[in-house]
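Written out below as structure tokens is the structure these notes cover.
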4 protein chains.
Amino acid sequence: MAANQSAPDATRRSERSRRAIYDAALALVAEVGYPKTTIEGIASRAGVGKQTIYRWWASKADVLLEAFLDMAEQAAHAAGHVPHALPDTGDLAADLKYVLRATVDELRDPAFEAPSRALAAEGVVDEELGRRFVASLLEPQLQLYVDRLRSAQDTGEVRPDVDPRIALELFVSPLAQRWLQYTGPITYDYTDTLVDYALYGLTPRPPSPTPTPTPTDAGPASPARP
Amino acid sequence: MAANQSAPDATRRSERSRRAIYDAALALVAEVGYPKTTIEGIASRAGVGKQTIYRWWASKADVLLEAFLDMAEQAAHAAGHVPHALPDTGDLAADLKYVLRATVDELRDPAFEAPSRALAAEGVVDEELGRRFVASLLEPQLQLYVDRLRSAQDTGEVRPDVDPRIALELFVSPLAQRWLQYTGPITYDYTDTLVDYALYGLTPRPPSPTPTPTPTDAGPASPARP
Amino acid sequence: MAANQSAPDATRRSERSRRAIYDAALALVAEVGYPKTTIEGIASRAGVGKQTIYRWWASKADVLLEAFLDMAEQAAHAAGHVPHALPDTGDLAADLKYVLRATVDELRDPAFEAPSRALAAEGVVDEELGRRFVASLLEPQLQLYVDRLRSAQDTGEVRPDVDPRIALELFVSPLAQRWLQYTGPITYDYTDTLVDYALYGLTPRPPSPTPTPTPTDAGPASPARP
Amino acid sequence: MAANQSAPDATRRSERSRRAIYDAALALVAEVGYPKTTIEGIASRAGVGKQTIYRWWASKADVLLEAFLDMAEQAAHAAGHVPHALPDTGDLAADLKYVLRATVDELRDPAFEAPSRALAAEGVVDEELGRRFVASLLEPQLQLYVDRLRSAQDTGEVRPDVDPRIALELFVSPLAQRWLQYTGPITYDYTDTLVDYALYGLTPRPPSPTPTPTPTDAGPASPARP
DNA sequence: TGATAAACGAGACGGTACGTCGTGTCTTTGT
DNA sequence: ACAAAGACACGACGTACCGTCTCGTTTATCA
């Protein structure tokens, strides 16, 4: 638990330097890519001594992770605080499709892409970083799906014996894998389809009073989504 | 794939060196991890000049990808040729669970883990490599699922309007993401559950003449699985 | 004397290659300097395999030495055969001054300078090469001075107890050193002065019936030079 | 002399490293010769990073020149400061012979020979280095001869119209050339002879009241030299 | 309010690896 | 069998960063 070296005094820490380092790190990753982003490069661009980086962070990935976290926090502040929940219109399929479409947009945002790919990649190979990445960034997002699915279980839209934490992976993981590994194109149609497949399964349903519509753009009877 | 500068003459290429490089690369990645695996290290361990590596490969990742491919090929030869199809017992759920359990085993094999994580990570950040990784290693595997699902569509086990290439992601991608990003534990129970959720969906089914079993460890009336 | 490896058969040797190698070597040394002249460069420029060079020569310096020798031979053939003797007009001082002025011209010829500097430098550090350089190129030239001085001893212009091989160094070596080491400018005046100093010495001469003229050009009655 | 790129800060320079580099460079040149002395070798032997060499010196020759200069300086300090003048006993010939014999000894000292040959050779081919070599090492030595000859002019031992800077080359350059180019053996007899020839010239002297002795081992009537 | 201790910018340092170039050997493929 | 071609093991090149380590120079509490 104790300090490992000489325990820098966090109260004396220069806020200006911290910000400059975040900015430089994100900018460099976006400009030249993660592997060509160097500690020296960040330091020089931030107008900061190398030691100032080594004093407060353990690795390049560490800097970037915090920078990314900080960026997310800033964005949240800017957008009038972070969303604490997914939309809940009562129509689970529609809500999920809506959110996943937003995610598609986000995944395609270049400002977002470079650093988050870099972090994800590093996390694949560095388990410790990977777990921190997940714990601080990914899991909180996934928790929102868990909440929404729980709510759907309350209304009977989802079977009560389903584990929401696993269930959400049916539509979230395929999107994630396509993004991470370039295993397929990322489109609205695709995510819509994922939701349909996940909710209603792949096997045929026995004839029932109210048949549920299946693919992309819903059936004529469904109400318009906002 | 070959020529980078002035097109070395592939007919004169030393087979001995190529093999030694593959072996050294895989061994080093397994022993010290990908980032600490260096071209110089591979060369020296393989008893080969650095230039011989630079002559035939464009990057460390490139060497590893080919080494990995070669390893897979070797393994196939050893095991009396590569499996061209998934098992097809007529019971789709059972077949998928069986195959996914085998995949779980494979993902946990340390000899396999280090190099494939390294490649996957590199592929996240280097699109070109990523696509090659997918095309040469991943997609052929996924195609087997496509075939099996098509067969299931023929027998009526799967709805005919389902796109098998997307459908397979419902159970494959969650497993992939857990492995890549450490988003959760990887167990037989987990993959079994994925198959069940994917096949039968998350929503309740109307009462029907032949009710299909739903969750992880079967209902009370269901017979024990093998 | 004995073969060192597998004794290449000199009778089968390709004259075309030899010439091409000489030309390429001299051209490269002139163009890029000796250190940047490489065996590979010579081979490729001569349109010749590397082995052809290694088969017949022991080192880069060796190639250049032979190339230089060959060039000298060619030049001699071109100029209606080599001069076998220095001029002998009966006036030793005048003859020496004349020859040294010609040497000054030669030392300044850029075509001559690069390769001969390269050889000289290599010879400073590689005794074996140095001795061969001297024996095949320098000493034959110096021998002409020896002959001329011997002739002067016969006519009484030079004291009979003087060793001509040493005597010649009095005016040749200073020029050589200035050229080799940049210890001073190389001009006609300079070499003329060297001859005068060497012939008549540095100490004052006692008044004598036939006073010999002392400095650069001029007898006693000659007007001041500008 | 210093800055090559972005001007390293000389005040922060490590004295320990500088000394270690000089020592390693001189030792290696003495042991394996100049061409086999490498920057990497110097660095590793000095226990220094390569960059520390590249930071402060432009080339291998540069390192060696400074190392040599430093060695000379050290030697001077050790020997109770550098000699500012040649001996002046009033007998010019004796003084010159004495000094040249000392030079012969020095030229044969192996500790001195390797690095100074290396530098001389490099200077033949690299004019800039050559001129620095001359300016910092050779010319100061030659200046001592100039001074001694001037003094001899004052006493009438040397003709007043003689240019001392040129005159000294009559006995210094022959020795230099024999050493540099292996054009002949280097002995006390040889240098003694050079002095005699240079001072009294090659031509016969008219009979005079006080005949000056001429060659190496004097004539029968001449008194023994000390 | 001035002393003092830290964090800071700067950057030199011992290292490791990079990717390139040249060496000298060896092998393959025409003549 | 020599020659052109060029792959190979080797080793040095000069560069880029690494992470550590001084250096003064701010900065910012405490005496």
Side-chain angles (χ1 to χ4, degrees), chain A residues 5-14 16-17 36-41 43-44 46-56 58-60, chain B residues 4-14 16-17 36-41 43-44 46-56 58-60, chain C residues 5-6 8-14 16-17 35-41 43-44 46-56 58-60, chain D residues 4-14 16-17 20 35-41 43-44 46-56 58-60:
Chain A
Q5 182 107 355
S6 55
D9 179 350
T11 69
R12 286 211 191 285
R13 184 167 183 183
S14 158
R16 245 169 99 289
S17 296
K36 290 195 169 178
T37 296
T38 66
I39 300 264
E40 292 203 336
S44 123
V48 137
K50 275 201 287 181
Q51 202 56 254
T52 300
I53 298 184
Y54 284 110
R55 188 176 300 119
W56 301 109
S59 67
K60 184 170 67 161
Chain B
N4 52 329
Q5 180 116 354
S6 55
D9 180 348
T11 69
R12 290 219 190 294
R13 184 166 183 183
S14 159
R16 243 170 103 288
S17 296
K36 289 194 170 178
T37 296
T38 65
I39 300 264
E40 292 204 335
S44 120
V48 137
K50 272 200 288 182
Q51 201 64 334
T52 299
I53 298 184
Y54 286 111
R55 180 152 39 232
W56 301 109
S59 67
K60 187 169 65 160
Chain C
Q5 179 104 359
S6 55
D9 180 349
T11 69
R12 285 198 187 274
R13 183 166 183 185
S14 158
R16 246 170 96 287
S17 296
K36 290 194 169 177
T37 296
T38 65
I39 301 264
E40 292 204 335
S44 121
V48 137
K50 272 201 290 180
Q51 201 55 253
T52 301
I53 297 184
Y54 284 110
R55 186 157 25 235
W56 301 108
S59 68
K60 187 169 64 162
Chain D
N4 52 330
Q5 180 117 351
S6 54
D9 180 347
T11 69
R12 290 219 190 296
R13 185 166 182 182
S14 159
R16 244 170 103 288
S17 296
K36 290 194 171 179
T37 296
T38 64
I39 300 263
E40 291 204 336
S44 120
V48 137
K50 272 201 286 182
Q51 202 61 0
T52 300
I53 298 185
Y54 285 110
R55 180 151 38 231
W56 301 109
S59 67
K60 187 169 64 161

Closest non-hydrogen atom pair, D:A20 against D:A46: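 Smallest interatomic distance, heavy atoms only, reads O-CB, 3.5 Å.
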
Please state how far atom [atom1] in [X] lies from atom [atom2] in [N], giving the value in whole angstrom units.
| X | N | atom1 | atom2 | answer |
| --- | --- | --- | --- | --- |
| A:D9 | E:dC8 | CG | C1' | 13 Å |
| B:Y54 | F:dG6 | OH | P | 23 Å |
| A:I39 | F:dT20 | CD1 | C1' | 13 Å |
| C:K60 | E:dG24 | NZ | C1' | 14 Å |
| A:I53 | F:dC18 | CD1 | C1' | 13 Å |
| A:K36 | F:dC17 | NZ | P | 10 Å |
| A:E40 | F:dT20 | CD | P | 13 Å |

Between B:G49 and C:R55, just flag the one whose closest nucleotide in DNA chain F comes earlier from the 5' side. C:R55

Which comes earlier along DNA chain F counting from the 5' end, the contact point of A:S59 or that of B:T52, where each point is its nearest nucleotide?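 Nearer the 5' end of the strand: B:T52.
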
Just N and O in the side chain of C:S17: are any of them under 4.0 Å from OP1 or OP2 of F:dC2? no

Distance test, side-chain N/O of A:W56 to OP1/OP2 of E:dC8, below 4.0 Å: yes

Would you list the protein and nucleotides 22-27 of chain F atom pairs, both N or O, that sit under 3.5 Å from each other?
from	atom 1	to	atom 2	distance (Å)
F:dC23	O2	D:R12	NH2	3.2

Could you work out, with salt bridge (Lys or Arg N to Asp or Glu O under 4.0 Å) as the rule, every residue matching B:K50, not counting sequence neighbours? B:E40

Sequence neighbours excluded, which residues qualify as side-chain contact (heavy atoms from CB on, under 4.5 Å) partners of [X]?
| X | value |
| --- | --- |
| C:R55 | C:P8, C:Q51, C:T52 |
| B:I39 | B:I53, B:Y54, B:K60 |
| C:S59 | C:A61, C:D62 |

Counting any heavy atom closer than 4.0 Å, what does A:G47 reach on the DNA or RNA strands: base, sugar-phosphate only, or nothing?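 Answer is sugar-phosphate: A:G47 comes under 4.0 Å of backbone atoms only.
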
CZ/D:R16: more than 12 non-hydrogen atoms of other groups inside 6.0 Å: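 Counting neighbours around CZ of D:R16, 12 or fewer heavy atoms of other residues, nucleotides or ligands fall under 6.0 Å, so no.
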
Candidate nucleotides F:dG19, E:dT23, F:dG14, ranked by approach to the side chain of A:K50 - the nearest: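 It is F:dG19.
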
Minimum-distance nucleotide to A:R13 side chain [options: F:dA7, E:dC8, E:dC18]: E:dC8

Using the side chain to side chain donor-acceptor pair (under 3.5 Å) criterion, which residues pair with A:S17? Sequence neighbours excluded. A:S14

Start at the 5' end of DNA chain E and walk down; is the nucleotide closest to A:V48 or to C:T37 reached first? A:V48

